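Okay, structure first, notes after.
What you see is a predicted model, and the numbers here were worked out from it, not measured in a lab. One is the number of the first residue; the rest follow in order along the sequence. Just so you know, these numbers use all the heavy atoms, side chains as well, and skip hydrogens, waters and symmetry mates.
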Amino acid sequence: MKKDIAVSEGLRQLPIRPVYLLSTEHNGKKNIITIGMFAYFSGKPTLVGVGIAPSRYSFDLIRQSGEYVVNSVDEKLMEAVRVCGEKSGREVDKFELAKLTPKKGTKVNAPCIKESPVSIECKVVKEIEVGDHVWFIGEVLATQVHEGYRWNDGLLFKWIDKDGFYYKVGEQIGKY
Ligand SMILES: Cc1cc2nc3c(=O)[nH]c(=O)nc-3n(C[C@H](O)[C@H](O)[C@H](O)COP(=O)(O)O)c2cc1C
């Protein structure tokens with residue numbers, strides 16, 4: 001038997017919601033924002049998207065520069081995820097506050113985050129306004145990964161806004 005529950009509660013039951021750190025730069029101003037809204041849109045060309053609310057400082061930086069870098073996070077970056085999801089780059093330098101190191105991108109001017117296991121460099125090819133967020137669709141121009149990294153090494157996978165907890169990827173249970 002299934003029962004009706006509030007929409008917001010129902011969405012929290014889904015097994016998704018990875019967390020990422022998105023880095024940007026425009027006119028020498030670098031910033032990082034914690035995001036949950038990330039999606040894979042196309043294989044060829046390789047397109048991903050990030051949903052950013054217009055009130056964010058990062059929104060202006062992406063609009064103006066037309067670039068961003070999606071950085072994956074693991075357990076070691078939990079404090080950085082908190083800082084970058086709480087403070088605005090309008091008031092603080094989040095690279096400094098979160099003790100993260102900007103590393104020049106290979107194909108974009110936006111910085112990658114050195115401490116992140118995987119960085120994906122993107123150039124904006126389209127903007128889509130959807131509800132309270134704008135989705136910046138980006139073509140993936142380059143990707144970098146820490147040497148020796150295995151994709152499921154403690155990646156932060158699910159966050160639930162109500163309880164504020166983070167969970168990591170579980171064990172392998174099958175093969176397709
Ligand atoms: C777990 C988590 C996920 C978030 N996901 C998003 C998101 O997908 N899009 C967004 O615009 N803001 C998201 N936020 C909120 C921003 O990270 C937050 O407002 C941040 O302070 C904005 O920084 P900025 O003004 O420097 O860009 C999220 C926050 C947290 C903690």
Side-chain angles (χ1 to χ4, degrees), residues 17-43 45-128 133-157 159 166 168-169:
R17 288 195 127 171
V19 186
Y20 298 95
L21 290 175
L22 191 80
S23 42
T24 49
E25 173 167 351
H26 181 64
N27 274 353
K29 289 185 188 142
K30 297 181 179 43
N31 194 38
I32 312 173
I33 176 176
T34 297
I35 60 157
M37 291 199 188
F38 168 84
Y40 190 13
F41 278 91
S42 160
T46 309
L47 302 176
V48 297
V50 293
I52 308 294
S55 60
R56 315 290 188 228
Y57 180 51
S58 302
F59 180 89
D60 302 336
L61 296 184
I62 297 175
R63 260 261 166 97
Q64 287 158 355
S65 67
E67 295 176 349
Y68 57 82
V69 179
V70 181
N71 303 273
S72 71
V73 290
D74 58 18
E75 285 174 88
K76 286 177 243 148
L77 293 171
M78 268 193 49
E79 179 57 15
V81 166
R82 190 185 63 73
V83 168
C84 296
E86 249 175 42
K87 304 275 181 200
S88 176
R90 285 195 187 93
E91 282 101 46
V92 292
D93 177 341
K94 287 195 256 184
F95 271 99
E96 212 174 285
L97 200 63
K99 300 189 177 63
L100 296 175
T101 320
K103 185 177 159 289
K104 212 177 155 24
T106 56
K107 292 280 171 60
V108 297
N109 194 45
C112 299
I113 297 174
K114 191 173 161 226
E115 292 79 2
S116 158
V118 184
S119 297
I120 297 181
E121 299 181 21
C122 304
K123 178 176 169 289
V124 177
V125 294
K126 201 180 179 72
E127 274 184 37
I128 309 171
H133 285 65
V134 170
W135 279 80
F136 291 98
I137 309 300
E139 178 165 8
V140 179
L141 300 184
T143 59
Q144 292 150 32
V145 63
H146 277 170
E147 265 180 56
Y149 176 72
R150 292 172 310 154
W151 74 270
N152 61 347
D153 277 348
L155 279 189
L156 293 193
F157 176 58
W159 54 278
Y166 292 103
K168 61 181 183 179
V169 172

Which heavy atom in [X] sits nearest to a heavy atom in [Y], and how many Å separate them?
{"X": "Ser116", "Y": "Leu77", "answer": "CA-CD1, 3.9 Å"}
{"X": "Cys112", "Y": "Gly105", "answer": "SG-CA, 4.0 Å"}
{"X": "Ala80", "Y": "Leu100", "answer": "CB-CD1, 3.9 Å"}
{"X": "Tyr68", "Y": "Val48", "answer": "OH-O, 3.7 Å"}
{"X": "Cys122", "Y": "Val140", "answer": "SG-CG2, 4.1 Å"}
{"X": "Pro102", "Y": "Pro111", "answer": "CB-CB, 3.8 Å"}

> According to the side-chain hydrogen bond (donor to acceptor under 3.5 Å, both in side chains) rule, which pairs have a member within residues 33-42, sequence neighbours left out?
Replying inline: none
Rounded at 0.5 Å granularity, tell me how far [atom1] in [X] sits from [atom2] in [Y].
{"X": "Lys30", "Y": "Ser23", "atom1": "NZ", "atom2": "OG", "result": "10.5 Å"}
{"X": "Phe59", "Y": "Ile33", "atom1": "CZ", "atom2": "CD1", "result": "11.0 Å"}
{"X": "Gln144", "Y": "Tyr149", "atom1": "CD", "atom2": "OH", "result": "14.5 Å"}
{"X": "Glu86", "Y": "Lys94", "atom1": "CD", "atom2": "NZ", "result": "10.0 Å"}
{"X": "Cys84", "Y": "Asn31", "atom1": "SG", "atom2": "CG", "result": "7.5 Å"}
{"X": "Ile52", "Y": "His133", "atom1": "CD1", "atom2": "NE2", "result": "7.0 Å"}

Mind checking side chain to side chain donor-acceptor pair (under 3.5 Å) for [X] and listing every partner two or more places apart, or none if nothing turns up?
{"X": "Gln64", "result": "none"}
{"X": "Glu67", "result": "none"}
{"X": "Asn109", "result": "Lys104"}
{"X": "Thr143", "result": "none"}

> Among all residues two or more places apart in sequence or in another chain, which pass the salt bridge (Lys or Arg N to Asp or Glu O under 4.0 Å) test with Lys87?
Replying inline: none
> Do the non-hydrogen side-chain atoms of Phe95 and Ile113 ever get within less than 4.5 Å of each other?
Replying inline: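 A side-chain contact exists here, since the closest heavy-atom pair is under 4.5 Å.
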> Considering only heavy atoms from C-beta outward, does the side chain of Ile62 approach that of Leu22 to under 4.5 Å?
Replying inline: yes
> Salt bridge or not for Arg63 and Glu127, using N-O below 4.0 Å?
Replying inline: yes
> With under 30° as parallel and over 60° as perpendicular, where do the rings of Trp135 and Phe41 fit, or are they tilted in between?
Replying inline: perpendicular
> Taking it one step at a time, do Glu115 and Thr101 satisfy side chain to side chain donor-acceptor pair (under 3.5 Å)?
Replying inline: CA-CA 7 Å; Glu115 292 79 2; Thr101 320; 2.5 Å; yes
>> When you measure from the side chain of Glu121 to the backbone of Ala142, do you find a donor-acceptor pair of N or O atoms at a distance under 3.5 Å?
In response: no
